Each structure stands twice: as C-alpha cells, then as structure tokens.
Peer 1: 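Next up is a structure, given as structure tokens.
A note on names: the letters A, B, ... follow the listed sequences, proteins ahead of strands, and every chain is numbered from 1. As the structure is a computational prediction, the values presented were derived from the model and not from experiment.
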Protein chains: 2
Amino acid sequence: MSILVVGSVAFDDVTSPSGSAKNILGGAATYFSLAASYFTQVRVVAVVGEDFGPEQEEVFRRHKIDTRGLEHANGKTFRWGGTYADNLNEAKTDYTDLNVFQTFQPRIPKEYADTDFLFLANIQPTLQAEVRRSMNHVRLTGCDTMNYWIKGTPKELAETLKLVNLLLINDTETKMLANETNLPRAAQKVLAMGPQALVIKHGEYGATIFFREGAFGIGRHPFRAPALPIEEVKDPTGAGDSFAGGFMGYVASQKEMNREVLKRALFYGGVMGSFAVERFGTERLQSLTREEIDARFQLFRELTHLD
Amino acid sequence: MSILVVGSVAFDDVTSPSGSAKNILGGAATYFSLAASYFTQVRVVAVVGEDFGPEQEEVFRRHKIDTRGLEHANGKTFRWGGTYADNLNEAKTDYTDLNVFQTFQPRIPKEYADTDFLFLANIQPTLQAEVRRSMNHVRLTGCDTMNYWIKGTPKELAETLKLVNLLLINDTETKMLANETNLPRAAQKVLAMGPQALVIKHGEYGATIFFREGAFGIGRHPFRAPALPIEEVKDPTGAGDSFAGGFMGYVASQKEMNREVLKRALFYGGVMGSFAVERFGTERLQSLTREEIDARFQLFRELTHLD
C-alpha cells in the first residue's frame with residue numbers, strides 16, 4: 001500500500017560528541033520516507049529551494065520515493081543547525097532558517113489521490129488538518145507534533161487530533177498535551193482527544209502504544225517494545241521520524257491491521273530509529289538492506305523476549 | 001536456597017501527590033526481604049532501635065524472614081523523610097536521621113554461615129566488603145550502591161566491586177561510576193571493575209542486564225526487560241530495593257543460574273517493583289500472593305512480547 005508523508009525537507013549542520021557534519025540532507029519528511037521506503041511505496045509532499053539539486057533528489061529516487069509532490073520554490077531550503085552535548089537526547093538549536101518552509105502550503109498532486117496511508121509530520125496543525133481533509137481515500141492517518149504547537153496553537157491542534165488515527169509523540173509531549181504527569185493517565189487523556197492509538201516514543205528506552213477502548217477491535221491493553229542498547233550513537237537527529245517511517249511503513253506493508261501487526265510495527269520503528277542514529281544525517285538509512293533490517297528485528301526480539 | 005540481605009531498616013515519612021504516610025516501616029533491607037520472601041528463604045542483618053517493636057518484627061516473621069541478624073541497639077531506628085513532587089522519579093529528602101544506623105557494624109550470626117546468596121544493600125562500601133569476605137559459603141553476591149559512595153569513597157567502592165558478581169544500580173549511577181555518558185559503553189567500563197553482570201534499573205522503563213564476556217558461560221549480549229506502564233504510583237520509595245529482592249529472590253529459587261533464569265529474574269524484579277509503588281511503604285509487598293505475582297509476570301510478558 002502507498003504511504004504519503006507531508007513535512008519538511010532540510011539541510012542540517014550537526015555537531016555531536018562523535019564529530020560534525022555540514023550541509024547534510026535532513027528534515028522529517030526525508031528521514032520518514034527513507035525509513036518507510038524499505039517497507040512500501042512512499043510519496044512525499046514538501047517544499048525545497050534552489051539549493052536542492054539533482055544530487056539530493058537522486059537520494060529519494062534511489063529508494064523509489066515518488067517526488068512529484070516535491071515543490072521547488074525560489075529561495076533557500078529550510079536549514080537547521082544543532083549541537084548535541086553529552087546528553088544525546090537533547091539538541092541545542094544553533095539556528096533555524098525556515099526559508100521556503102516559512103510559507104509552505106502543502107499541495108497534493110492529483111496522482112496522489114489514491115494514497116492509502118498518510119503521515120502528517122511535524123508541521124503547523126492547521127496545515128495537517130487541511131491535508132487530511134483533502135485526502136478522501138486514506139485508510140489510516142498518523143501524525144506527529146511538538147511542544148511549539150502544543151503550547152502555541154492548542155485549539156488548532158485539538159481540531160487536527162480529531163482527524164487522525166495514530167499520534168506518535170514522545171513522553172514530554174504527551175505529558176504536556178494532557179497536562180498530566182502520570183504517563184498512562186496522560187495517554188488516556190490524549191486518546192480522548194481523538195486518536196485511536198497513541199505511540200509514545202521513549203528514546204533509548206523504546207516505545208509504548210496505548211489504544212483507545214475498542215480501537216481497531218483489539219482492546220485497550222498497551223504494548224511496550226524496548227529499544228536496543230546501542231553503543232554507537234553518532235547523530236540522534238531524525239531518530240523519531242525514522243521510527244515513524246519504520247512503524248507506518250511496516251503497517252502499510254501488511255494486509256490487515258491488527259494488534260500483532262501494530263506490535264511488530266513498534267519493533268520495526270525502533271529498528272529504523274536505531275539505524276538512523278549510527279551515522280550522521282541519513283547516511284545509514286540510505287545504505288540499508290531489508291536483510292539487515294530483519295536481522296536487527298530478530299536481534300531486538302532475542303534481546304527482549306523470554307524463551 | 002537461602003539469601004541474606006545486609007542493609008537498612010528504617011521508619012519513613014513520605015509525601016507524594018497521592019497523599020502522605022507517617023512513621024511507616026521502610027529501609028532497603030525491609031523492601032528487599034519482603035520482595036524476596038515470595039521466592040525463597042530470606043535472612044536479614046540490620047540494626048534497629050528501641051522504637052522497633054514486636055509489631056514491626058511481626059511483619060518480617062509473617063514472611064518467614066529470619067530476623068536473628070536483626071540487632072536491637074539503644075536509641076532510635078534510622079528515620080528518613082521524603083517528598084515526591086510531580087516527577088515521581090526523584091524524592092526531595094526532608095530529613096535523614098541516621099540514629100543507630102550511624103555506627104552500624106554488620107554482625108553475621110553463626111547460623112547464617114551456610115547462606116548461598118548474599119545481597120549487599122546500599123551501605124558504606126567497606127562494610128559491604130567486610131561482609132562479603134566473612135561469608136565463605138556464598139555462591140553469588142549482589143550489590144547496590146549510590147552517588148554518595150561513588151563520589152565520596154571511590155577507592156573503597158572499587159575494592160567492593162571486585163568481590164561481587166552482580167551490581168544493581170540505575171542509569172545515573174552507572175554513568176557516574178564509569179565517567180561515561182553512553183550507557184552501553186558505561187556498562188562495559190563498570191563490568192571491567194569486577195562484577196560479571198550489571199543490572200541497570202531504568203525506573204518506569206524497565207531494566208537491562210549487561211554481561212561481562214564469558215560471564216556465567218552465557219556470552220555478552222545484553223537483555224532488556226521493559227517495565228509495565230502503571231497508572232497508580234502512590235509511593236516510589238523502595239522500588240529499586242523491591243526490584244533487587246524480586247531479581248535475587250527468583251535467582252536464589254532456581255536450581256541453575258543461566259541466561260534464561262537471569263532474564264526471568266529481570267522480569268520478576270520489575271514485577272516486584274511495580275507492586276511496591278502501588279501503596280505507601282511496604283503495604284502492598286506485605287499482602288501479596290505468589291499467584292498475583294505470577295499473574296503480573298504473565299501480563300508483563302504479554303504486553304511486551306510478540307506472538
């Protein structure tokens with residue numbers, strides 16, 4: 001099944017304890033589509049500037065990602081610079097130049113109208129809602145957001161949450177959105193806002209999926225997938241978007257969506273996140289094979305399952 | 001197999017967002033021995049004051065915990081007061097009155113000489129080492145410590161670590177002990193200090209066991225057991241000691257010690273920690289049945305394992 005991601009494409013300057021990399025291809029839509037491309041056919045809607053050339057487009061093409069929704073605008077592509085100190089869970093933003101992303105208005109090519117799965121990466125909630133409303137064919141919508149929108153545009157975000165099936169955010173965002181510090185209680189509050197399932201990403205500790213009572217006909221018990229302890233974390237940028245790409249990509253690749261598929265999706269999300277951070281930018285995500293992915297899935301399983 | 005815990009018995013005053021409780025039985029040795037008592041025969045070495053009466057001793061006796069090593073000293077029992085705000089992972093200490101614990105010199109009754117398993121709860125490292133050296137019969141020694149000793153008595157702690165098989169500490173303590181922020185790398189550094197296995201407790205996210213190459217003949221791959229998302233956390237005090245009691249108690253109850261036993265022990269540790277926090281103090285640990293424990297173990301497994 002096809003999956004469409006709407007979000008940012010960017011150039012990043014990243015510094016971490018492992019070194020630094022300049023002018024590397026990044027952005028939520030990039031990480032998401034590369035990660036998802038190992039599972040299913042991916043389409044992308046994003047805006048890029050004149051500095052985004054054939055070399056960058058080729059990265060998407062090599063992964064058979066449909067770039068007809070990639071709008072080429074006058075000006076520069078979104079640029080972000082960040083530094084990770086010892087605590088790799090948090091980046092200090094050195095600069096954010098929105099550039100052409102500032103006035104981004106997602107336009108869905110008519111060829112994308114039959115898309116089955118939709119992922120709304122972290123953009124302004126009203127734009128997310130507009131995209132969702134314009135896609136009549138979509139069977140399942142996943143959505144990301146961030147503190148900036150939770151604090152700044154709560155009403156708009158509330159409207160968007162009514163339109164999505166799955167929300168994928170982290171612990172801090174969940175607690176902030178629910179205004180509740182107990183995570184399982186916060187999860188129930190978020191589910192009452194609209195989504196049938198909430199995936200909470202715990203960074204190096206894995207992720208938990210909480211279900212609304214009766215959602216997908218699979219009851220309300222949560223499921224938790226631990227992440228793998230990784231020795232080499234070079235660049236945490238894009239880990240969450242790669243997680244989302246693995247999760248949604250795997251779901252889109254399956255005939256049915258049931259509890260077991262969603263559980264496996266949580267593991268595949270963790271697998272793709274774990275690969276993403278091994279090298280700077282999207283380098284590792286560009287060079288994977290499905291065999292490597294499945295081998296890590298098995299390792300993941302062995303290191304977390306009782307006999 | 002019998003297990004001996006050496007550590008503190010205390011009276012606590014605890015306040016959390018769920019309420020408060022005064023003058024309740026606490027201390028690492030108390031939580032540990034109650035948790036372990038559901039799995040195996042437990043012996044305790046600790047010191048209490050004149051305020052520790054038959055009512056408190058009866059709590060141990062009801063769980064068939066051997067209290068011949070409980071020294072009754074003149075003065076008051078160790079007292080601790082703490083408050084948990086919204087972040088339940090961290091207590092603000094309101095006061096610490098060491099009282100009789102200040103001059104605690106563990107004395108091992110001769111009836112304990114045949115003990116098979118030993119747990120050195122969080123006390124001064126030199127005392128831990130002395131206890132270990134005096135127990136010739138012990139097959140496996142587990143050990144806890146804290147920031148205070150890691151910073152304050154690093155040489156003494158280094159000596160103790162050479163004498164123990166298992167170290168059970170949390171993420172922050174591991175990083176501080178290794179002087180390394182990457183957790184898997186920190187784990188390897190800690191293992192090089194002596195223990196054959198390191199159990200890192202991640203609080204609400206579960207725990208990971210790291211093995212020294214070739215330790216117990218089971219290779220060096222880590223194993224991670226996620227914790228269960230719990231809605232009702234009333235009082236986090238003693239969660240780590242209850243985890244240790246479940247972990248060590250389960251290991252002591254098994255004929256062999258292999259990878260599978262240690263994996264299951266990690267789950268039982270999480271189960272006992274999850275029960276401990278449901279009520280103030282040791283209330284929940286006092287009232288459990290083995291059936292409730294095994295039911296939660298199964299739930300834990302279902303909520304974290306793929307089919």
Peer 1: Between the main-chain N or O of Pro195(B) and the side-chain N or O of Arg212(B), is there a donor-acceptor pair closer than 3.5 Å?
Peer 2: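 Side chain of Arg212(B) to backbone of Pro195(B), a donor-acceptor pair under 3.5 Å: yes, one is there.
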Peer 1: Ignoring hydrogens and angles, state whether a donor on the side chain of Thr304(B) or Arg301(B) is under 3.5 Å from an acceptor on the partner side chain.
Peer 2: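 There is no such pair (donor and acceptor under 3.5 Å, judged by atom type) between the side chains of Thr304(B) and Arg301(B).
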Peer 1: I'd like to know if the side chain of Tyr38(A) and the backbone of Ile293(A) have a donor-acceptor N/O pair within less than 3.5 Å.
Peer 2: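 Answer holds: no.
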Peer 1: With a 4.5 angstrom heavy-atom cut-off, could you sort out which part of Glu302(B) is near chain A: side chain, backbone, both or neither?
Peer 2: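 Backbone of Glu302(B) only, per the 4.5 Å heavy-atom cut-off to chain A.
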Peer 1: Test your reading of the model: is there a side-chain donor-acceptor pair from Gln298(A) to the backbone of Ala295(A), 3.5 Å cut-off?
Peer 2: no
Peer 1: Select all residues of residues 264-283 of chain A having any heavy atom within less than 4.5 Å of some heavy atom of chain B, and report them by number, or 'none'.
Peer 2: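 Under the 4.5 Å heavy-atom cut-off, Arg264(A), Phe267(A) qualify.
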Peer 1: Has Glu90(A) got more than 12 heavy atoms of other residues, nucleotides or ligands less than 6.0 Å from its CD?
Peer 2: no
Peer 1: Heavy-atom pairs under 4.5 Å with chain B: which of His202(A), Glu204(A), His305(A), Lys175(A) has the most?
Peer 2: His305(A)
Peer 1: Verify whether one side chain among Trp80(B) and Asp94(B) offers a donor that lies under 3.5 Å from an acceptor in the other.
Peer 2: no
Peer 1: Holding to side-chain contact (heavy atoms from CB on, under 4.5 Å), I want the full list of residues that pass it with Asp307(A), two or more places apart in sequence or in another chain.
Peer 2: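 With sequence neighbours excluded, Asp307(A) shows a side-chain contact (heavy atoms from CB on, under 4.5 Å) to Glu260(B), Lys263(B), given in chain and number order.
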Peer 1: Taking atom types as modelled and ignoring hydrogens, do the side chains of Tyr205(B) and Asp171(A) form a donor-acceptor contact shorter than 3.5 angstrom?
Peer 2: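 Yes, a side-chain donor-acceptor pair sits under 3.5 Å.
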Peer 1: Treating Ser16(B) as the side-chain partner and Tyr84(B) as the backbone partner, does any N or O pair qualify as donor plus acceptor under 3.5 Å?
Peer 2: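 Absent.
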Peer 1: Considering heavy atoms only, which positions within residues 235-250 of chain B lie below 4.5 Å of chain A?
Peer 2: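 Heavy-atom contacts from residues 235-250 of chain B to chain A are absent.
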Peer 1: Show every donor-acceptor pair shorter than 3.5 Å between a side-chain atom in residues 182-192 of chain A and any protein atom, with sequence neighbours excluded, or say none if there are none.
Peer 2:
unit_1	atom_1	unit_2	atom_2	d
Asn182(A)	OD1	Arg185(A)	N	3.0
Asn182(A)	ND2	Glu231(B)	O	2.8
Arg185(A)	NH1	Glu231(B)	O	3.1

